[in-house]
Every structure is written in structure tokens, then in C-alpha cells.
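These numbers come from a predicted model, not from an experiment. Chain A is the first sequence line, chain B the second, and so forth, proteins listed ahead of strands; every chain is numbered from 1. Only this structure's heavy atoms are used, side chains among them; waters, hydrogens and symmetry mates stay out.
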2 protein chains.
Amino acid sequence: MDAEIVIRALAALAQEHRLAAYRLLVQAGPEGMAAGALSETLGVPASSMSFHLSQLANARLVQQQRQSRSIIYSADFAAMNALMAYMTENCCGGVPCTADTGCTPAAASPSSARKDVA
Amino acid sequence: MDAEIVIRALAALAQEHRLAAYRLLVQAGPEGMAAGALSETLGVPASSMSFHLSQLANARLVQQQRQSRSIIYSADFAAMNALMAYMTENCCGGVPCTADTGCTPAAASPSSARKDVA
DNA sequence: TCGATATTTCGATATTTATAGAATTATTGG
DNA sequence: CCAATAATTCTATAAATATCGAAATATCGA
């Protein structure tokens with residue numbers, strides 16, 4: 001994964017409606033959701049939703065697949081995992097990440113509070 | 001972590017220079033790097049770098065701390081972990097995530113062996 | 001206090017992005 | 001083929017963001 005696609009993915013997620021849509025798709029799992037269902041659930045006009053979905057697709061975060069008249073979108077989990085890996089790559093310069101540094105990807109629970117770092 | 005701060009964090013990372021700066025800070029570990037060092041390493045004017053660093057700080061992705069004339073920035077790993085957790089929350093609607101669905105958050109661990117994580 | 005260093009704030013400009021109605025394209029059922 | 005449905009592309013406008021030089025703000029050493 002190169003910087004360019006990573007930036008596109010992050011930019012795609014950095015928007016209220018797209019983040020919400022992406023999360024709905026994550027929760028929907030492999031079955032995905034139709035564009036219209038997303039549009040209606042989120043209260044976003046169809047043309048706007050389409051614009052947002054194309055950003056997500058362009059960033060490879062979601063896949064699309066026609067099913068009759070609908071177009072079903074689904075989250076690409078591999079892309080998300082690659083994104084996370086990219087951002088924490090070579091964490092702490094190779095020094096083993098201890099709980100002390102806090103640099104333990106995915107080890108910390110979301111709310112672990114760590115205040116002062118030397 | 002609420003949607004608002006998540007979007008700010010994603011937007012902060014969705015920019016060439018800021019993503020590069022953040023990655024340098026991740027690699028630098030708890031010791032961090034001075035604003036000037038980041039500016040010079042990335043070939044970005046000081047005023048621009050300052051603008052970008054304030055975006056990262058505003059999103060709580062980095063911390064800053066004055067050390068004599070320099071201001072040392074360092075990555076906040078807890079914030080990054082929270083970010084990832086938010087995006088994969090309630091993945092597949094609670095159905096156990098198998099390798100088949102690909103929906104296994106944090107399956108890729110950058111540099112350290114993962115002990116058993118719940 | 002003065003001069004040098006490190007960084008941030010200001011200001012003006014250029015670029016990118018979001019929005020949503022209208023028109024267009026694709027698919028299905030009768 | 002036609003009407004209905006589902007989605008996308010087009011178009012215009014509004015809003016947010018990036019850029020970087022110049023000026024301002026801290027801090028230090030002599």
C-alpha cells in the first residue's frame with residue numbers, strides 16, 4: 001500500500017456521511033447494503049450519497065456489485081487492515097513495544113488512559 | 001471517542017505532509033521529534049509545518065511539549081488505537097468474525113508479537 | 001539587554017471538496 | 001415498448017483547506 005492510496009482512504013473516511021456509511025457497511029458485513037438503503041438510512045440525497053460512495057470505492061475501502069436494479073456496497077476489510085498497518089509501521093523504530101511506551105497496536109483497549117509520556 | 005473527533009483525526013492524517021510527519025513520530029517513539037526537525041526532514045517550510053502539526057495536535061493524535069527553544073512532538077498511540085477500534089466497531093453486526101469474512105480487526109500486527117488479546 | 005534560534009500566528013491566494021436538483025443511464029415487470 | 005424503480009453523472013454554488021512569506025512570540029547564551 002503506498003502513501004497515495006492511504007491518503008485517499010483516510011480522506012474518504014474523514015467526512016461525516018462517508019464515515020457513517022462505512023460503519024454501516026462494516027456492521028452489515030459481507031452482505032453489504034444497497035446505495036438507496038444507505039441514502040435513506042442516513043438521510044442524505046441520492047446524488048450526494050452516490051458521490052460519497054464513489055469516493056469510498058475509489059479509495060478501495062468498499063466494493064460494489066450490481067444486483068438487479070440495486071447496487072450493493074460492502075466494506076473491504078483487508079483494505080482497512082492494510083491502512084492500520086501502514087500507519088503504525090516500524091513503530092518505535094523497531095524497539096520492542098512495551099506497555100510502557102504505549103506503542104502496542106491493537107493491544108490497548110479503546111479507552112485506556114495514558115497521560116504523560118516522557 | 002465520538003464521531004466528531006474521529007473525523008478530525010482522519011482528516012488530520014489525510015494529507016501528504018501530515019501523514020509523513022505522523023509516521024516519523026510513530027517511528028521516533030516516545031522521545032518524539034522537534035518541529036524544526038520534522039520541517040527539515042520533510043522539506044516543508046516551518047510555517048506550513050506548524051500549521052500541519054497544529055492539526056494533528058488538535059485531533060489529539062500528537063502531543064507537544066516545550067524543551068528549551070524547541071517544541072517536541074510525539075505520537076499518541078492510544079488515540080490511534082481508539083481510532084481503529086471506532087472504525088471496526090460492531091463489525092459484521094456481532095456475528096463472530098471468521099477468516100472467511102475477512103473481518104478480523106487488527107489481525108495485522110506491525111512489529112510486535114501480539115499476546116492474547118480479547 | 002542584545003542577538004540568535006525555534007516556532008507560531010497572520011494574511012492573502014489558490015485549490016479542493018461538499019451539496020443537491022435536474023438530467024441521464026440501466027434494469028425490471030407488465 | 002412503456003412506466004416505474006435505482007443509481008449515477010452533470011452543473012452550479014458554497015464552504016473548507018493548503019500554501020508560504022512576513023511579522024510576532026518565546027527562549028537561550030553571552
Any side-chain heavy-atom pair of A:Leu42 and A:Glu16 under 4.5 Å: no
So which atom in B:Ser39 and which in B:Pro45 form the shortest heavy-atom distance, rounded to 0.1 Å? OG-C, 3.8 Å
With a cut-off of less than 4.0 Å, is there a side-chain N or O of A:Tyr73 near OP1 or OP2 of D:dA6? no
So which pairs with a foot in residues 40-55 of chain A pass side chain to side chain donor-acceptor pair (under 3.5 Å), sequence neighbours left out? A:Arg18-A:His52
Can you sort out which residues in residues 5-19 of chain B have a heavy atom within less than 4.0 Å of DNA chain D? Ascending by number, please. B:Gln15, B:His17, B:Arg18
Residues from residues 51-61 of chain A lying under 4.0 Å of DNA chain C - heavy atoms: A:Phe51, A:His52, A:Gln55
I need the residues from residues 38-49 of chain B with at least one non-hydrogen atom less than 4.0 Å from DNA chain C; give them sorted by number, or say none. B:Ala46, B:Ser47
What are the bounds, 5' to 3', of the part of DNA chain C that sits under 4.0 Å from heavy atoms of chain A? C:dA18 to C:dT28
When we call it a touch if two heavy atoms are under 4.0 Å apart, what does B:Ser70 touch: a base, just sugar-phosphate, or nothing? sugar-phosphate
From CZ of B:Arg69 across to C1' of D:dG29 the rounded distance in Å is 7 Å
Rounded to the nearest 0.5 Å, the OG atom of B:Ser74 sits from the CE atom of B:Met33 at a distance of 12.0 Å
Using C1' atoms of five pairs at each end, report the bend of the helix from C:dT1-D:dA30 to C:dG30-D:dC1 rounded to 10 degrees. 30°
